[in-house]
Amino acid sequence: MNINIAHIRTSDTMPSLAVIGSQWGDEGKGKIIDYLDEDADMIVRFQGGNNAGHTIVVGDTVFKLHGLPSGVVRPGKLAVIGNGCVMNIEELLEEIEQVEQAGGSVDGLRISDRVSLIMNYHKKLDGAQEKYKGGKKVGTTGKGIGPSYEDKIARIGFRAGDLLEKETLEEKIKVVLPYKKDLMNMLEAEGCSCTVESLLDKMLGWGKKLGDHIVDTSVLINEGLDAGKKVMFEGAQGAMLDIDHGTYPYVTSSATMAGGVCTGAGIAPSRLDTVMGVVKAYTTRVGEGPFVTELEGEAHDYLQKRGHEVGVTTGRGRRCGWLDLVVVNHANRMCGFNSLAITKLDVLNDYEEVKVCTEYEIDGVKTKYFPGSIRKLERAKPVYTTLKGWKGWEDTEAVVKGGYDNLPKEMKDYITFIEKSTGVPADIISVGPDRDETISRRKSYWA
C-alpha cells in the first residue's frame, strides 16, 4: 500500500503565537507584535480591515498602519493578510507607498486569494446605513467594513483572487454593480458614477499591481508550520468587538477571539500553541456602546490626555475608564490566554490610587460574568477594588534595564493583582510607547 507522507511535519515543533486584544481594541497590540516579531518568520493578520490602526515606532520613524500587518516593517519577514480579513486595495497601496518612502520594503507581503475586497460603494453604504439608524447607530469607522462582510456572507462579494481572472471579474461586476447602485439610491447614499467597464479596468489594474502578492495563504502558513517556522497571528481589534461574543450590536463584523485565527487564517485549532492577551492597564473604547467603568469629567479628560487616547483610524478621542477585569476575564474564557502583555502602565504613574473593577452589580445582584444583554450592561454598576498608586520615574531606560524587580512595588502589586484575578502570568510589561521600553519576564514566547 502506498502512503502519501508529504503532509508529515519535518519538525517536531510547530511554534505559533496569537496576540489578541483583551478589551475593545487599542490595547497596544501593534507595539507588542512589533516587539515579538523579531524572532518570527511569518506574521499573519486573520480578521478585520483598515478600520483598525496599529502604531509602530521604530527609532524616529512612526508607522500608522491600518491594512498592512504590523510585521511588514520588519525586513526579511513574511507579512500575511489572511482570508478572514477584508481589504481596501486603494488604501493598502497608499500604505505600501508610506512604508517604501520610509526606506522599507513590502517584498514579504502575501495576500490571501480569498480575502474579501472593500469597494468604494461599501464606504458610501456604511455612512448611509449609520445615518438611516439615527439614534441607534453603531459608531462605525465609516470604512465600509460591515457592508463588505455583508457581501461576503451574501456570497456576492469580490475576492482578491478575482482580480487575476478577467472573465470571472466581469461576470461579477455585471451582476453586483446595478444592485449596489439601486441600494445606494434607496438609502439615499452618495451616488456611484462608475460603469461596468470602468470598474473592470480599475480592478484589473489592482491585479497587475498586487498579483505577485496574491496566493493561497492557508497553504503558505501550514507549510511554514510543518517546517517548524515561527508564525505569529495578529488580531486587528479587541475581543470585546467580536461579532458573537462582544457588546453586540456595538461590535465589528468579524471573529476577533482566538477561535477566529483558525477560520481567518486557514489552520486547524491544534496548530495554535500560545495565545497572548494584551491588556491595557486601564480601559478605552471608541464609538458607541455601554462602558461600565467609563470615567466622566475631569478624571476622564486627565486620563485621556495622559494616555494620548486618540484613535489612529478615526482621529476621535477614545472613551477612558478604569481597568475592567470582568471584560478581561470574559475575553480570557473565550480565548484561553496562557500569557499576558500589560501595556501603558506608565500612564498610571503618579496616581495616588488606582481602581480595578472585579464585578458588576446589576439590579442589586453582583456578577463576575459579562452579560450578553445590552440592557443589563447599561444598568450595570462597577464594583471596584482600590489599590495604592505608584510614583513615576524620569529615566525609563534605567527602569527597563533594571528589569521587573526595579519597578515600583505598587506597580508590581497592580500587576500581581491582574495575574491572580485572571490566572494568567503577565510575561510582558510595557512602560512606554517605544519598542525598547518593554520588560520581558520570559526567555522565549515560542513553543
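Bear in mind the structure is a predicted one, so any value in this text is a computation, not a measurement.
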**OP:** Check whether the side chains of K143 and S148 place a donor and an acceptor atom closer than 3.5 Å, and report yes or no.
**Re:** no
Original post:
Step by step, would you call V86 with K152 a side chain to side chain contact (heavy atoms under 4.5 Å, CB included)?
Top reply: CA-CA 9 Å; V86 290; K152 175 179 179 176; 5.6 Å; no
Original post:
Any side-chain donor-acceptor pair under 3.5 Å between Y360 and D324?
Top reply: yes
Original post:
Hey, is K124 close enough to E188 for a salt bridge, meaning N to O under 4.0 Å?
Top reply: no
Subject >> S339 versus D427, side-chain donor and acceptor atoms under 3.5 Å >> reply: yes
Original post:
Could you go step by step and tell me if S22 and K280 meet the side-chain hydrogen bond (donor to acceptor under 3.5 Å, both in side chains) rule?
Top reply: CA-CA 8 Å; S22 68; K280 185 183 282 188; over 6 Å; no
**OP:** Calculate, to the nearest 0.5 Å, the distance between atoms CE and CG belonging to M334 and D244 respectively.
**Re:** 9.5 Å
Original post:
Which is it for D113 and R159 under the salt bridge (Lys or Arg N to Asp or Glu O under 4.0 Å) test, yes or no, and what are the steps along the way?
Top reply: CA-CA 7 Å; D113 55 3; R159 305 205 295 183; over 6 Å; no
**OP:** With salt bridge (Lys or Arg N to Asp or Glu O under 4.0 Å) as the test, would you mind laying out the steps for R441 and E419 before giving the verdict?
**Re:** CA-CA 13 Å; R441 303 172 71 191; E419 291 179 315; 3.2 Å; yes
Subject >> Side-chain heavy atoms of K366 within contact of V383, under 4.5 Å >> reply: yes
Subject >> side chain to side chain contact (heavy atoms under 4.5 Å, CB included) evaluation trace for S421 with I418 >> reply: CA-CA 5 Å; S421 298; I418 296 171; 5.8 Å; no
**OP:** Given side chain to side chain contact (heavy atoms under 4.5 Å, CB included), test Y282 with V347 step by step and report yes or no.
**Re:** CA-CA 9 Å; Y282 49 98; V347 174; 3.6 Å; yes
Table please: side-chain donor-acceptor pairs of residues 397-412 below 3.5 Å, with sequence neighbours left out.
residue : atom : partner : partner atom : Å
K409    : NZ   : D413    : OD2          : 2.8
K412    : NZ   : D405    : O            : 3.2

**OP:** Check whether any side-chain heavy atom of M240 sits under 4.5 Å from a side-chain heavy atom of H330, and report yes or no.
**Re:** yes
Original post:
Hey, are K77 and D41 close enough for a salt bridge, meaning a charged N less than 4.0 Å from a carboxylate O?
Top reply: no
Original post:
Rounded to the nearest 0.5 Å, how far apart are CG of L183 and SG of C192?
Top reply: 12.0 Å
**OP:** Show the numbers, then the answer: is there a side-chain hydrogen bond (donor to acceptor under 3.5 Å, both in side chains) between K31 and T343?
**Re:** CA-CA 9 Å; K31 175 193 168 169; T343 63; over 6 Å; no
**OP:** Could you name each residue pair satisfying salt bridge (Lys or Arg N to Asp or Glu O under 4.0 Å) that touches residues 293-305, not counting sequence neighbours?
**Re:** E294-R319
Original post:
How would you list, by chain and number, every residue that makes a side-chain hydrogen bond (donor to acceptor under 3.5 Å, both in side chains) with W390, sequence neighbours excluded?
Top reply: N349
Original post:
Is the closest basic N to carboxylate O distance between D363 and R379 below 4.0 Å?
Top reply: yes
Subject >> Any donor-acceptor N or O pair under 3.5 Å, side chains Q101, E97 >> reply: yes
Original post:
Measuring from C85:SG to I111:CD1, what's the distance to the nearest 0.5 Å?
Top reply: 10.5 Å
**OP:** Begin with the C-alpha distance, continue with both residues' side-chain angles, and end with the deciding distance and a verdict on side chain to side chain contact (heavy atoms under 4.5 Å, CB included) for T422 and F417.
**Re:** CA-CA 9 Å; T422 59; F417 187 88; over 6 Å; no
Original post:
Given the rule in the side-chain hydrogen bond (donor to acceptor under 3.5 Å, both in side chains) test, do S440 and Y445 qualify, once you have shown the distances and angles that lead to the verdict?
Top reply: CA-CA 10 Å; S440 177; Y445 295 87; 2.6 Å; yes
Subject >> With M87, the side-chain contact (heavy atoms from CB on, under 4.5 Å) member among V115, N50, I118 >> reply: V115
Original post:
Quick one: does S254's side chain get under 4.5 Å of F46's, heavy atoms only?
Top reply: no
Subject >> Separation of L323 CG from C357 SG (nearest 0.5 Å) >> reply: 8.5 Å
Subject >> Option among V261, L17, N332, I20 that satisfies the side-chain contact (heavy atoms from CB on, under 4.5 Å) test with V275 >> reply: I20
Original post:
With side chains defined as the heavy atoms from C-beta onward, is the minimum distance between L210 and L163 less than 4.5 Å?
Top reply: no
**OP:** Using the salt bridge (Lys or Arg N to Asp or Glu O under 4.0 Å) rule, take D37 and K230 through it: C-alpha gap first, then chi angles, then the decisive distance, then the call.
**Re:** CA-CA 9 Å; D37 65 17; K230 296 175 182 176; over 6 Å; no
Original post:
Roughly how far, to the nearest 0.5 Å, is the NZ atom of K355 from the OG1 atom of T385?
Top reply: 11.0 Å
Original post:
Hey, what's the ring geometry for W322 with Y351, parallel, tilted or perpendicular (30° and 60° as the breaks)?
Top reply: perpendicular
Original post:
Would E90 and K202 count as a salt bridge (Lys or Arg N to Asp or Glu O under 4.0 Å) if you check the C-alpha gap in whole Å, the side-chain angles of each, and the deciding distance to 0.1 Å?
Top reply: CA-CA 10 Å; E90 291 182 336; K202 176 184 285 188; 3.4 Å; yes
**OP:** State the CD-CZ distance between Q47 and F233, to the nearest 0.5 angstrom.
**Re:** 13.0 Å
**OP:** For the pair E38 and R435, find out whether any cationic side-chain nitrogen is under 4.0 Å from an anionic carboxylate oxygen.
**Re:** no
Subject >> Other residues, nucleotides, ligands: >12 heavy atoms within 6.0 Å of K381 NZ >> reply: no
Subject >> T416 versus K420, side-chain donor and acceptor atoms under 3.5 Å >> reply: no
**OP:** Evaluate whether atom OH of Y384 has more than 12 neighbouring non-hydrogen atoms of other residues, nucleotides or ligands under 6.0 angstrom away.
**Re:** yes
Subject >> Check ion pair E309-K344 (N to O, under 4.0 angstrom) >> reply: yes
